[in-house]
Amino acid sequence: MADAVFNWYKNGGTAEPGTKRSETTLQAKKHLSSMGWVFWYAQKNGRQELRYQSPQGKVYYTLKAACKGYIDETSGAEGGGGMAVAVAADLEPKKPLKRKSVTQENPAFPKSLPFKSLQPPKRGKKVRKQENQAKVIKRASIRIREDPVPNSSHRNPRTVLSWLIDNNAVSILAKVYYRNKAGNRLMRGRITRTGIQCDCCFRVFALTAFEAHAGSTNHRPAANIILDDGSGRSLSDCQRQVHDSMMTIPTSAKKDDLNPHGSDDVCSACCDGGELICCDRCPSAFHVNCVGLKEVPDGDWFCPSCCCGICCIGTVSDDDNFLACQQCECKFHIGCLKLKESNELAGKNNWFCSHSCENIFSGLRNLTGKPILVGNNLTWTLLKSKASSNGDGLDSCAENHRKLNIALDVMHECFEPSKDSYTGRDLVEAVIFSQGSNLKRLNFKGFYIAVLEENDDLVSVATIRVHGDIVAEMSLVATRFSHRRRGMCRALVDELEKNLAKLGVQKLILPAVPAAVDTWVNGFGFSHMTGDERSKLLQYTLLDFQGSIMCQKPLKTEL
């Protein structure tokens, strides 16, 4: 994994406590090899010395220099994003390996992991092996943009008006007026990208400020600012118009989630290819060592997230025997929950494994869609795709969709385009709009989007997913180029940490680009996550990327 390369470079090959130096060196070399690096021996002064060549053809004379070269090549630009990953290639699987047995003295999961036993062997286990001679499959990657795209609109404000202008719902300098409850016209102005320019004083106001300038306290500016073109349309009507035109299923979303082999071609834990063991219940695949196994099990095997949270055993039977928590998504056998009859749960849409999960779920829903004042004309809002379907009305639905689209624009400004090779979906778009998938590593239904706005201009975005009270992940963070070095990212992250702590979440994690690790550690109080700490979270499907370093931060909970 990338952690091994980072640790070897940082510690000069010094092993972590409990780990031999030779093991650390081997792990670093294995990861470099899996990323396409080539090693060979060269003669120098009558002796052989090892050489390291990167996929770009650059040769390094020491392992430390090679690790530094790998970090430099995969890190991208520091700042503006929470992570970046290197371009990688996965290989097509070849012939299945011979089965190996697992005895009770050598269980599938070590004692440090919450898995106690396996089902008795029933049939041959699927194992996928990728060879260097196999055809290379290019896998999508995500990189941080070093500079804005030339001729892009990165300098334009990201407001409701700029979004409506870009989607041809309104035109620049279109005449508008503010209408009160009695239908009277209180104030006139013209539309600009930054706000409404008042006809009486020629000042430009954000929508809420224009409403106050008109002397109204309705707090519904978009619904009461009307186009003065005879149509009678409000800005809310225009938002709904754009929203309805976008509410079509993308072609990429209609594609099958799975590749032709029926199972994933990369490890769900580390995102690398290689020799993989496939779950008998879902399409996920893993490296043997990534799930704590020492040997390939014979018979049925179930990945951590497909095992019961109580008995730690999986089953190939129907989903009717399992119950999934609405918040943390952990699964439980109905029998293990000591429920007398499964029909006790009939008609219950939301089920929670604990009071803490139920409190987190309701707490997040209470925060969703409500702008919260931070100070200095800053507000932050928690968004969730389709969250407004809970009876908030068409205006709220359109407003929610509008902000999510602007959040996506901010992400695309900061990250290069990336599509998953199996579904064809834009990975960032899939996260922003909480798209689901049969493949767990691509199932983003649980994601919320946090946005920071300054005078209605959306300047910073973060994606957040909460796995119960144990951990929350912040996989992507982006701040617009024109608003960087102003503390916007810190303001948003501070608000997220504060509210997560109030909900009782114990830890926040994120995948950081190697070059940005020091910033997250020294500037934001995160620390590098060890392999043992990572293994304790195997039951949760986390969004990770090749080349990233997982960092963590304990939260001071108030519960």
>> Does this structure show an ion pair linking Arg486 with Glu454, if we count only N-O contacts that are shorter than 4.0 Å?
In response: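 Salt bridge between Arg486 and Glu454, a charged N being under 4.0 Å from a carboxylate O: yes.
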Can you find a heavy atom in the side chain of [X] that is under 4.5 Å from one in the side chain of [Y]?
{"X": "Ile464", "Y": "Leu382", "value": "yes"}
{"X": "Met529", "Y": "Leu537", "value": "yes"}
{"X": "Met411", "Y": "Thr463", "value": "yes"}
{"X": "Leu164", "Y": "Gln239", "value": "yes"}
{"X": "Tyr540", "Y": "Ile470", "value": "yes"}
{"X": "Met474", "Y": "Val493", "value": "yes"}

> Does a side chain donor of either Ser268 or Lys440 reach within less than 3.5 Å of an acceptor in the other side chain?
Replying inline: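 The criterion, which ignores hydrogens and geometry beyond distance, is not satisfied for Lys440 and Ser268.
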> With sequence neighbours left out, which residue pairs that include part of residues 356-380 fulfil the ring-ring contact (aromatic ring centres under 6.0 Å, His included) condition?
Replying inline: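 The answer is Phe352-Phe361.
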So how far is it from [X] [atom1] to [Y] [atom2], rounded to the nearest 0.5 Å?
{"X": "Asn168", "Y": "Cys238", "atom1": "CG", "atom2": "SG", "value": "11.5 Å"}
{"X": "Leu503", "Y": "Ser356", "atom1": "CG", "atom2": "OG", "value": "10.5 Å"}
{"X": "Ser354", "Y": "Ile360", "atom1": "OG", "atom2": "CD1", "value": "7.0 Å"}
{"X": "Leu542", "Y": "Leu538", "atom1": "CG", "atom2": "CG", "value": "8.5 Å"}
{"X": "Leu458", "Y": "Thr479", "atom1": "CG", "atom2": "OG1", "value": "10.0 Å"}
{"X": "Phe444", "Y": "Ile432", "atom1": "CZ", "atom2": "CD1", "value": "11.0 Å"}

Could you tell me whether a side-chain N or O of [X] sits under 3.5 Å from a main-chain N or O of [Y], the two making a donor and an acceptor?
{"X": "Asp426", "Y": "Val428", "value": "yes"}
{"X": "Asn499", "Y": "Glu495", "value": "yes"}
{"X": "Ser460", "Y": "Glu453", "value": "no"}
{"X": "Lys553", "Y": "Phe524", "value": "yes"}
{"X": "Ser284", "Y": "Cys279", "value": "no"}
{"X": "Asp457", "Y": "Thr194", "value": "no"}

Quick check: closest heavy atoms across [X] and [Y], and the distance to 0.1 Å?
{"X": "Thr368", "Y": "Leu364", "result": "OG1-O, 2.7 Å"}
{"X": "Ile225", "Y": "Val176", "result": "CG2-CB, 3.9 Å"}
{"X": "Phe447", "Y": "Lys384", "result": "O-CD, 3.1 Å"}
{"X": "Gly369", "Y": "Pro371", "result": "O-CD, 3.4 Å"}
{"X": "Leu161", "Y": "Val170", "result": "O-CG2, 4.5 Å"}
{"X": "Pro514", "Y": "Ile71", "result": "CB-CG2, 3.4 Å"}

>> With side chain to side chain contact (heavy atoms under 4.5 Å, CB included) as the criterion, how do Leu408 and Phe433 come out once you've worked through the C-alpha distance, each side chain's angles and the decisive distance to 0.1 Å?
In response: CA-CA 9 Å; Leu408 179 61; Phe433 288 98; 4.0 Å; yes
> Should Asp229 and Lys175 be marked as a side chain to side chain contact (heavy atoms under 4.5 Å, CB included) after you check the CA-CA gap, both sets of side-chain angles, and the distance that decides it?
Replying inline: CA-CA 7 Å; Asp229 58 0; Lys175 295 181 179 180; over 6 Å; no
Tabulate below the donor-acceptor pairs under 3.5 Å that side-chain atoms of residues 202-215 make, not counting sequence neighbours, or state none.
{"from": "Glu211", "atom 1": "OE1", "to": "His219", "atom 2": "N", "distance (Å)": "3.2"}
{"from": "Glu211", "atom 1": "OE2", "to": "Tyr178", "atom 2": "OH", "distance (Å)": "2.7"}
{"from": "Glu211", "atom 1": "OE2", "to": "His219", "atom 2": "N", "distance (Å)": "3.2"}
{"from": "Glu211", "atom 1": "OE2", "to": "Arg220", "atom 2": "N", "distance (Å)": "3.0"}

> Sequence neighbours excluded, which residues qualify as side chain to side chain contact (heavy atoms under 4.5 Å, CB included) partners of Ile226?
Replying inline: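 If we apply the side chain to side chain contact (heavy atoms under 4.5 Å, CB included) test to Ile226, skipping adjacent residues, the hits are Tyr177, Arg179, Ser234.
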>> For Ser527, give me all partners under side chain to side chain contact (heavy atoms under 4.5 Å, CB included), at least two apart in sequence or on another chain.
In response: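 Listed in chain order: Gln552.
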>> Set out, in order, the CA-CA distance, both residues' side-chain angles and the distance that settles side chain to side chain contact (heavy atoms under 4.5 Å, CB included) for Ile449 and Val461, then state yes or no.
In response: CA-CA 7 Å; Ile449 311 302; Val461 182; 3.7 Å; yes
> What residues, two or more places apart in sequence or in another chain, satisfy side-chain hydrogen bond (donor to acceptor under 3.5 Å, both in side chains) together with Asp494?
Replying inline: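 side-chain hydrogen bond (donor to acceptor under 3.5 Å, both in side chains) check on Asp494 returns nothing, list empty.
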> Can you check salt bridge (charged side-chain N to carboxylate O under 4.0 Å, His left out) on Asp228 and Arg190, steps first, answer last?
Replying inline: CA-CA 9 Å; Asp228 196 5; Arg190 291 178 179 270; over 6 Å; no
> Could you walk me through whether Leu427 and Leu442 pass the side chain to side chain contact (heavy atoms under 4.5 Å, CB included) check?
Replying inline: CA-CA 8 Å; Leu427 286 177; Leu442 297 177; 3.8 Å; yes
>> Suppose the criterion is salt bridge (Lys or Arg N to Asp or Glu O under 4.0 Å): which pairs have a residue in residues 460-471, not counting sequence neighbours?
In response: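 Checked against salt bridge (Lys or Arg N to Asp or Glu O under 4.0 Å) - neighbours excluded - the pairs reaching residues 460-471 are Arg465-Glu473.
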>> Please identify which of these residues, Ser548, Ser475, Pro511, meets the side chain to side chain contact (heavy atoms under 4.5 Å, CB included) condition with Leu543.
In response: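 Exactly one candidate clears the test, Ser475.
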